[in-house]
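Atom set for the values below is all heavy atoms of this structure, side chains included, hydrogens, waters and symmetry mates excluded. Just so you know, residue 1 is the first one in the sequence shown, and it goes up from there. First listed ligand is number 1; within each ligand, the first listed atom is number 1.
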Amino acid sequence: MRKYNINYFARTLPIFFLLNITCLPVKSSSALAAWSLNSNGVLELRTKKNSNLKAYYQKANQLYGDRFWVDFNGELLNPRIIKGNGPIKEIRLGKPVSGKTRLVIEFAPEKSINPYKLKLIGVDENKWKIKLTSFPLNSFKTMKEGNVLKTTVLSKKRKELKSLRDINLGNSDLPYIKRNKYSVVIDPGHGGPDSGAVGIDGLKETDVVLDVSKIVTKLLLEKGVNVKMTRNKDEDLDLSPRVALANKMKSDIFVSIHANASRGKKRYINGIETFYYSGWRGRLLAEKIQKEILKVSPGSPDRGVRRGRYFVIKKTNMPAVLAEIGFVTGRLDSRRLEKKIHRRRVAFAIAKGILEYFKRVG
Ligand SMILES: [Zn+2]
């Protein structure tokens, strides 16, 4: 058991407990995983490993009772207030500044705590304890969120993410096909004033899909596929010219790349889906692409391969699909889609799906 000393200051009492100096990136999720204020006055915390916490005490003033709070790295998603009981007025979970999480325990007006006895103890690499009060036992009911005792285990998702890092994204890792035989039209959805879906932190569908489309195009060109993009910059483009390009060129396939948004921008909705309009070839192409995108998007739900009546896949004369590579409004998907490395993985997946399709249909 390691103990950490407290630095005393006149009114506000900052307590710094540094397990090490690792700081999480500003945009990461909150380092606070669970907390419990037990009826014996002990506050228990479970955090991410190697978190850097700062704790403060402030004496009551006209507005507030005695307050004790802890700041964590990483952004809290849902600020909230939990009504207290007994000597605890309330517990607040807030976002004092972007990228931070704050847990505040405010005591009832007539109650006070002795800050000189506060001592936060690091129980292990992700668990913390501090005795806050010395009120009679069971003078209030335990308040908690989550399970403070849960040990951090490598979840299935994390394991999958780790395995993702081992996927090679090089051209030589893509299937071999005959050079100069196939032609493809890649259609990045939206563009110009039509930004498509706008998601968390202003993440725009049009930017995401353009970047992915460019990488798909590059990968396929390197494989000897004749590829045209319907747009290769942020420009306004109607649906008809997209279709016309493919029909005029008589490309073998047409692949439109989009990102999704849920109604009401629900953050818990994530997932991958690929649409085709008709024919077994369209369906096969959609299946190949869907399967590959899922491989690089662990944890993101498989919303399946489905028939869709979208203009660009309905009006094109060749097998055509529309891939939705994730939700810009979804917590999981958007965090990935904003990262270059993930966009590269998705592009690799789409290119691989296309090449697998060509290998199959010959
Ligand atoms: Zn779209």
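- For Lys295, the NZ atom counts as densely surrounded, since its 6.0 Å shell holds more than 12 non-hydrogen atoms of other residues, nucleotides or ligands.
- Environment of CZ in Arg306: crowded, with over 12 heavy atoms of neighbouring residues, nucleotides or ligands closer than 6.0 Å.
- Within the structure, the ring pair (Phe, Tyr, Trp, His ring centres under 6.0 Å) test picks out no pair touching residues 213-237 (sequence neighbours left out).
- Qualifying ring-ring contact (aromatic ring centres under 6.0 Å, His included) partners for Phe140, counting only residues two or more places apart in sequence or in other chains: none.
- Both Tyr276 and Ile350 are members of a single hydrophobic cluster when ILVMFWY side chains are connected at heavy-atom separations under 4.5 Å.
- Protein atoms of type N, O or S found under 2.8 Å from the Zn ion (ligand 1) total 3.
- Remark: Thr230 pairs with Val185, Asp187, Pro188, Leu237, Arg242, Leu245, Phe254 by the side-chain contact (heavy atoms from CB on, under 4.5 Å) rule, at least two apart or across chains.
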